[in-house]
**Q** 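To start, I am sharing the structure in question, which I have written as structure tokens.
All figures in this text were calculated on a predicted structure; none of them were measured in a lab. One-based numbering, in listed order, for ligands and for the atoms of each.
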Amino acid sequence: MAGIPAFFIDIHALCSRETLYYDLDMKEILFRNERISALGLGTIGFWSGANAGLEACIRRAMDCYGINVFDTAEMYGDGLCETALGRLIKDMDRSSLFLVDKILPENAIPGYFERSLDRSLERLGVDEIDLYLLHWREDAELSFVVDKMHEAMKQGKIRHWGVSNFDVNDLNDLFEAGGRDCFCNQIFCCLYERGAELDLIPFMKEHDILPMAYSSLGSGYAAHPDIRKNERIMKALKPHDVTPEAVMLRMNTELDMVSLFGTSSVNHLDDNLRKIDDEVYAKLKEIFDREYPQPPHPVPLAKI
Ligand SMILES: NC(=O)c1ccc[n+]([C@@H]2O[C@H](COP(=O)([O-])OP(=O)(O)OC[C@H]3O[C@@H](n4cnc5c(N)ncnc54)[C@H](OP(=O)(O)O)[C@@H]3O)[C@@H](O)[C@H]2O)c1
């Protein structure tokens with residue numbers, strides 16, 4: 001065993017079928033002939049230097065929980081996270097991964113789009129990205145973006161394309177610009193910001209766009225304090241040995257969307273994915289809904 005890092009041994013020793021949270025029928029979303037796990041892991045942690053922990057979590061998420069969605073972006077550490085993810089997946093079965101990457105709006109312009117995409121492919125060490133997103137709208141020329149996404153699909157550099165941080169009006173503009181085949185819109189949607197449940201998510205479903213939530217645990221959202229400071233919530237959870245994060249993730253997945261979260265701790269990963277008894281979940285959800293209700297009417301999409 002000498003020379004093998006401790007975290008690597010732990011993953012395999014800890015990995016057992018009993019720890020599976022989702023049964024196999026529930027864990028995947030079938031969308032346009034793709035099988036996508038309902039939960040995915042973000043890679044921002046590579047940027048903050050949590051490499052060993054995040055690597056362990058990604059391996060464990062795949063091996064023990066059947067998670068296949070891993071999200072990155074050229075923006076994260078200026079390519080550092082793409083490179084770290086690429087190193088990790090180098091020897092993995094490519095068909096068992098659904099890789100999501102994003103281009104910055106400032107690079108989605110003539111002369112730069114291809115360069116950005118090619119650099120991302122190179123950093124990831126793959127021939128094709130499964131889902132390539134415009135990171136946010138800003139003043140991107142949508143018809144240009146749509147044309148370039150279609151071209152990249154024809155060239156076999158990406159399998160699907162989409163957008164991120166688009167509200168209903170932005171999606172309508174995207175459709176006008178020729179983007180009706182948009183695969184996915186990645187949005188901030190979590191217990192603290194539930195406006196999208198009222199209008200944007202139903203709109204996406206109606207238009208055959210996969211909703212994907214980012215920061216599903218609300219981290220980095222300065223507008224809201226940490227849920228662990230909510231005494232009523234923590235008191236309700238205590239008898240059930242359930243973490244608030246596990247309930248937050250389950251609430252998101254019950255909206256039939258893919259939910260991305262981040263962790264660099266295998267203990268947190270296991271806590272977050274622990275099975276919650278259905279009756280217990282129903283009781284807890286009632287309390288969570290009371291403490292963090294949907295807004296009474298649609299509100300503009302929040303962004304981090
Ligand atoms: N499209 C966009 O504009 C956009 C914007 C932001 C993020 N994203 C994507 O979404 C991914 C996930 O978002 P995120 O990482 O910002 O936020 P998140 O999932 O809301 O939260 C991650 C944080 O929660 C902590 N955490 C996780 N489980 C925990 C537990 N059981 N107990 C206590 N703390 C726990 C993690 O710390 P530990 O490491 O200690 O567990 C980490 O600090 C990103 O990596 C990125 O890929 C996309």
Side-chain angles (χ1 to χ4, degrees), residues 7 21 39-58 60-61 65 67 69-77 79-82 84-85 98-105 120 124 129 131-138 140 162-167 170 184-193 196 200 210-230 233-234 237 241-253 257-274 276 301-304:
F7 72 84
Y21 163 43
L39 293 170
L41 276 187
T43 60
I44 281 181
F46 285 131
W47 190 4
S48 49
N51 290 39
L54 182 50
E55 283 180 13
C57 286
I58 291 176
R60 185 160 169 75
Y65 296 104
I67 286 179
V69 179
F70 301 101
D71 179 80
T72 191
E74 64 172 354
M75 187 189 94
Y76 304 157
L80 189 149
C81 297
E82 292 175 320
L85 181 61
F98 190 86
L99 300 177
V100 185
D101 205 340
K102 308 182 209 81
I103 183 168
L104 284 164
S120 291
L124 284 169
I129 289 164
L131 176 59
Y132 197 48
L133 309 175
L134 176 67
H135 206 145
W136 62 87
R137 179 173 180 173
E138 214 166 76
V163 291
S164 180
N165 295 300
F166 270 45
D167 210 338
D170 301 309
C184 169
N185 181 21
Q186 191 182 109
I187 54 168
F188 179 44
C189 178
C190 83
L191 190 67
Y192 306 148
E193 277 294 338
L200 182 55
L210 176 72
M212 184 180 283
Y214 69 73
S215 299
S216 302
L217 305 177
S219 117
Y221 188 51
H224 208 284
D226 184 347
I227 193 167
R228 285 174 175 268
K229 298 199 173 110
N230 183 322
I233 290 280
M234 296 314 283
L237 290 166
D241 193 24
V242 172
T243 64
E245 291 81 11
V247 180
M248 289 173 86
L249 291 179
R250 178 141 172 197
M251 285 177 76
N252 262 14
T253 56
M257 60 182 173
V258 175
S259 279
L260 302 173
F261 68 101
T263 183
S264 51
S265 147
V266 286
N267 290 336
H268 286 169
L269 182 81
D270 286 342
D271 285 347
N272 296 352
L273 303 180
R274 190 176 303 167
I276 310 173
L301 179 66
K303 294 157 197 162
I304 293 188

**Q** For ligand 1, which atoms sit closer than 4.0 Å to a heavy atom of Thr43?
**A**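 The list of qualifying atoms is 45 (O), 47 (O).
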**Q** Does Asn185 offer a backbone N or O that forms a donor-acceptor pair with the side chain of Ser164 under 3.5 Å?
**A**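 Not a single qualifying donor-acceptor pair exists.
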**Q** What residue and atom, counting heavy atoms only, is the protein's closest point to atom 35 (C) of ligand 1, and at what distance?
**A**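 Ranking protein heavy atoms by distance from atom 35 (C) of ligand 1, first comes His268 ND1, 3.7 Å.
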**Q** I want to know if ligand 1 touches Gly218 in the polar sense, i.e. an N/O pair below 3.5 angstrom.
**A**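 For ligand 1, there is an N or O atom that lies under 3.5 Å from one belonging to Gly218.
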**Q** Side chain to side chain contact (heavy atoms under 4.5 Å, CB included) with Met248: which of Thr243, Leu217, Asn272, Thr253?
**A**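 Testing each of Thr243, Leu217, Asn272, Thr253 against Met248, the sole residue satisfying side chain to side chain contact (heavy atoms under 4.5 Å, CB included) is Leu217.
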**Q** I need the contact type for Thr243 against ligand 1. Using non-hydrogen atoms and a strict under-4.0 Å cut-off, is it side chain, backbone, both or neither?
**A**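 No part of Thr243 is near ligand 1 at this cut-off.
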**Q** Atom 39 (O) of ligand 1: protein heavy atom closer than 4.0 Å?
**A**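 Answer yes: something from the protein, a heavy atom, is under 4.0 Å.
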**Q** Using the side chain to side chain contact (heavy atoms under 4.5 Å, CB included) rule, pick out the option among Leu39, Leu41, Leu99, Val100 that qualifies with Val69.
**A**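 That would be Val100; it is the only one of Leu39, Leu41, Leu99, Val100 passing the side chain to side chain contact (heavy atoms under 4.5 Å, CB included) with Val69.
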**Q** Passes side chain to side chain contact (heavy atoms under 4.5 Å, CB included), Phe261 versus His268? Steps please.
**A** CA-CA 11 Å; Phe261 68 101; His268 286 169; over 6 Å; no
**Q** Taking heavy atoms and a distance under 4.0 Å, where does Ser219 meet ligand 1: side chain, backbone, both or neither?
**A**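 Both parts.
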**Q** Of the side chain and backbone of Thr72, name the one, both, or neither that has a heavy atom under 4.0 Å from an atom of ligand 1.
**A**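 None of Thr72 does.
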**Q** Regarding Ser120 and Glu82, is there a side-chain donor-to-acceptor distance under 3.5 Å anywhere?
**A**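 Side-chain D/A pair, Ser120 to Glu82: present.
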**Q** Considering the heavy atoms of Ser216, write down every atom of ligand 1 situated less than 4.0 Å from one of them.
**A**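 Numbered from 1, ligand 1 contributes 20 (O).
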**Q** Is the shortest distance from a Lys or Arg side-chain nitrogen in Arg228 or Glu245 to a carboxylate oxygen in the other one below 4.0 Å?
**A**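 Counted as a salt bridge, because a side-chain N and a carboxylate O are separated by less than 4.0 Å.
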**Q** Out of Leu133, Leu131, Leu124, which residue meets the side chain to side chain contact (heavy atoms under 4.5 Å, CB included) rule with Asp101?
**A**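 Result for side chain to side chain contact (heavy atoms under 4.5 Å, CB included) with Asp101: Leu124.
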**Q** Ser264 heavy atoms, cut-off 4.0 Å: which ligand 1 atoms fall inside?
**A**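 Close to Ser264: 38 (P), 39 (O), 41 (O).
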**Q** Measure the distance from atom 3 (O) of ligand 1 to every protein heavy atom, then report the residue, atom name and distance (to 0.1 Å) of the closest one.
**A**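 Nearest protein contact, heavy atoms only, for atom 3 (O) of ligand 1 is Asn165 ND2, 3.1 Å.
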**Q** Can you name the atoms of ligand 1, numbered from 1 with element, that are less than 4.0 Å from a heavy atom of His135?
**A**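 What qualifies from ligand 1 is 1 (N), 2 (C), 3 (O).
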**Q** For atom 22 (C) of ligand 1, what's the nearest protein heavy-atom neighbour? Residue, atom name and distance, please.
**A**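 Result for atom 22 (C) of ligand 1: Gly262 O, 3.3 Å.
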**Q** Considering the heavy atoms of Asp71, write down every atom of ligand 1 situated less than 4.0 Å from one of them.
**A**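 With Asp71 as reference, the close atoms of ligand 1 come out as 9 (C), 46 (C), 47 (O).
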**Q** For Tyr221 and ligand 1, answer yes if some heavy atom of the residue is under 4.0 Å from a ligand atom, otherwise no.
**A**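 Per 4.0 Å heavy-atom rule, Tyr221 does not contact ligand 1.
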**Q** Can you check whether Phe70 reaches Thr72 side chain to side chain, under 4.5 Å on heavy atoms?
**A**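 A side-chain contact under 4.5 Å is absent here.
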**Q** Below 4.5 Å, heavy atoms only, C-beta onward: do Tyr221 and Glu193 meet side chain to side chain?
**A**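 Sidechains of Glu193 and Tyr221: in contact.
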**Q** Parallel under 30°, tilted from 30 to 60°, perpendicular over 60°: which one fits the rings of His135 and Tyr76?
**A**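 The arrangement is perpendicular - the two ring planes meet at more than 60°.
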**Q** Is the contact between Ile304 and ligand 1 made by the side chain, the backbone, both, or neither, using heavy atoms and a 4.0 Å cut-off?
**A**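 No part of Ile304 is near ligand 1 at this cut-off.
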**Q** Backbone N or O of Cys189 within a donor-acceptor pair of the Asn252 side chain at under 3.5 Å?
**A**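 Here the side-chain-to-backbone pair exists.
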**Q** May I ask you to check whether Leu217 has an N/O atom sitting below 3.5 Å from an N/O atom of ligand 1?
**A**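 Between Leu217 and ligand 1, an N or O pair is found under 3.5 Å apart.
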**Q** To check you understand the geometry: which heavy-atom pair defines the closest contact between Ile304 and Ser219, and what is its length?
**A**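 Looking at all heavy atoms of both residues, the shortest contact is CD1-O, 3.7 Å.
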**Q** Identify, for atom 7 (C) of ligand 1, the protein heavy atom at the shortest distance, and state residue, atom and that distance.
**A**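 For this ligand atom, the closest protein heavy atom is Ser215 OG, 3.4 Å.
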**Q** Considering non-hydrogen atoms of the protein only, which is the closest contact for atom 6 (C) of ligand 1, and what is the distance?
**A**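 That would be Tyr214 CD1, 3.3 Å.
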**Q** Please determine whether a side-chain nitrogen of the Lys or Arg among Arg60 and Asp270 lies less than 4.0 Å from a carboxylate oxygen of the Asp or Glu.
**A**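 Yes, Arg60 and Asp270 are salt-bridged.
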**Q** Decide whether the shortest distance between a heavy atom of Asn272 and an atom of ligand 1 is less than 4.0 Å.
**A**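 Flag set, Asn272 near ligand 1.
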**Q** Can you list the atoms of ligand 1 that are under 4.0 Å from a heavy atom of Gly42?
**A**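 Reading through ligand 1 atom by atom, the close ones are 11 (C), 44 (C), 45 (O), 47 (O).
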**Q** What part of Phe188, side chain, backbone, both or neither, has a heavy atom within less than 4.0 angstrom of ligand 1?
**A**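 No part of Phe188 comes within reach of ligand 1.
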**Q** Backbone, side chain, both or neither: what part of Lys303 comes under 4.0 angstrom of ligand 1, heavy atoms only?
**A**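 Lys303 to ligand 1: no contact under 4.0 Å from either part.
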